[in-house]
Amino acid sequence: MLSQRSPTRLIYTATIFRQFLATTPSGRAGGIEGPNISNVFKRTFYQIAFKFQVAKREASVGCVLALPQPVWDSWQPFLGAPDLHEQADGTFRLLDNQEARPTDWIYVFSIDTEPGPGGRPAPLRVSLVIGTDAATLSRAAFEVAPARAIDRGGDTDPVVESIARRLGRYLPGIG
């Protein structure tokens with residue numbers, strides 16, 4: 001009997017799924033959605049905010065999150081491209097949070113394209129060290145980002161425009 005985590009079982013399952021997609025026209029696109037940046041942010045953001053908040057207790061010195069630069073870049077629209085304020089020590093704070101001694105940190109890094117000397121792994125380069133907390137991240141995601149998403153400085157409401165455009169596909173004359 002194969003265990004549920006057996007590589008053979010996973011390959012077999014993937015093969016069956018591939019055959020299903022190849023032979024079932026409705027299975028090709030009919031509502032099947034893969035992971036996208038929005039979904040990844042939604043899932044990871046809650047975990048990070050939760051862990052930052054849990055680490056906010058006397059027995060903890062804080063929490064650190066290391067993010068590759070492309071992930072940090074992909075988070076920007078969902079955080080409202082928050083203002084970063086450089087501190088005297090070279091670290092940054094989000095929005096207007098100027099706490100001198102934050103306990104939660106986001107390290108944004110990239111990986112060099114060339115391997116290290118003697119075939120060693122490519123070095124990591126830290127580009128940002130951001131002191132923050134769950135409340136500040138939440139404010140960025142739930143207050144700043146939505147406000148910036150609908151602020152276009154015009155007379156039209158982008159939410160109403162989007163709804164009209166989507167309904168216009170099904171109801172002629174709308175939009």
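Each residue takes its place number in the sequence, starting with 1.
- No single ILVMFWY cluster, assembled from side-chain heavy atoms under 4.5 Å apart, contains both Trp72 and Val126.
- Grouped by direct or indirect side-chain proximity (heavy atoms under 4.5 Å, Ile/Leu/Val/Met/Phe/Trp/Tyr only), Tyr46 sits with Phe50, Val54.
- Rounding to the nearest 0.5 Å places NZ of Lys42 at 11.5 Å from OG1 of Thr44.
- The list of salt bridge (Lys or Arg N to Asp or Glu O under 4.0 Å) pairs with a residue in residues 115-137, not counting sequence neighbours, reads Asp112-Arg125.
- When the side chain to side chain contact (heavy atoms under 4.5 Å, CB included) test is applied to Pro146, no partner is found at least two apart in sequence or on another chain.
- Screening Val108, Leu137, Ile106 for a side chain to side chain contact (heavy atoms under 4.5 Å, CB included) with Leu65, the sole residue that qualifies is Ile106.
- Linking ILVMFWY residues whenever their side-chain heavy atoms come closer than 4.5 Å, directly or via other members, leaves Leu124 and Leu67 in distinct clusters.
- For residues 72-90, every residue pair satisfying the salt bridge (Lys or Arg N to Asp or Glu O under 4.0 Å) rule, not counting sequence neighbours, is listed here: Asp83-Arg148.
- The CZ atom of Arg139 sits 9.0 Å away from atom OG1 of Thr132, with the distance rounded to the nearest 0.5 Å.
- Residues Val144 and Leu79 share a closest heavy-atom pair of CG1-O, 4.1 Å.
- A donor-acceptor contact shorter than 3.5 Å links the side chain of Ser74 to the backbone of Val71.
- Residues Lys56 and Phe52 form no side-chain contact, since every pair of their non-hydrogen atoms from C-beta on lies 4.5 Å or further apart.
- The minimum heavy-atom distance between Ala49 and Ser138, with the atom names listed, is CB-OG, 4.4 Å.
- Although no hydrogens or angles enter the test, the distance criterion places a donor-acceptor pair under 3.5 Å between the side chain of Asp104 and the main chain of Cys63.
- Counting only residues at least two apart or on different chains, no ring pair (Phe, Tyr, Trp, His ring centres under 6.0 Å) pair has a member in residues 91-115.
- For Ser127, the side-chain hydrogen bond (donor to acceptor under 3.5 Å, both in side chains) test picks out Gln69, with sequence neighbours left out.
- Ring-plane geometry between Phe78 and Phe41 is classed as parallel, the angle between the planes falling under 30 degrees on a 0 to 90 degree scale with a further cut at 60.
- In this structure, the side chains of Leu84 and Leu94 come closer than 4.5 Å at one or more pairs of heavy atoms.
- In terms of heavy atoms, Ala145 sits closest to Pro77 at CB-O, 3.7 Å.
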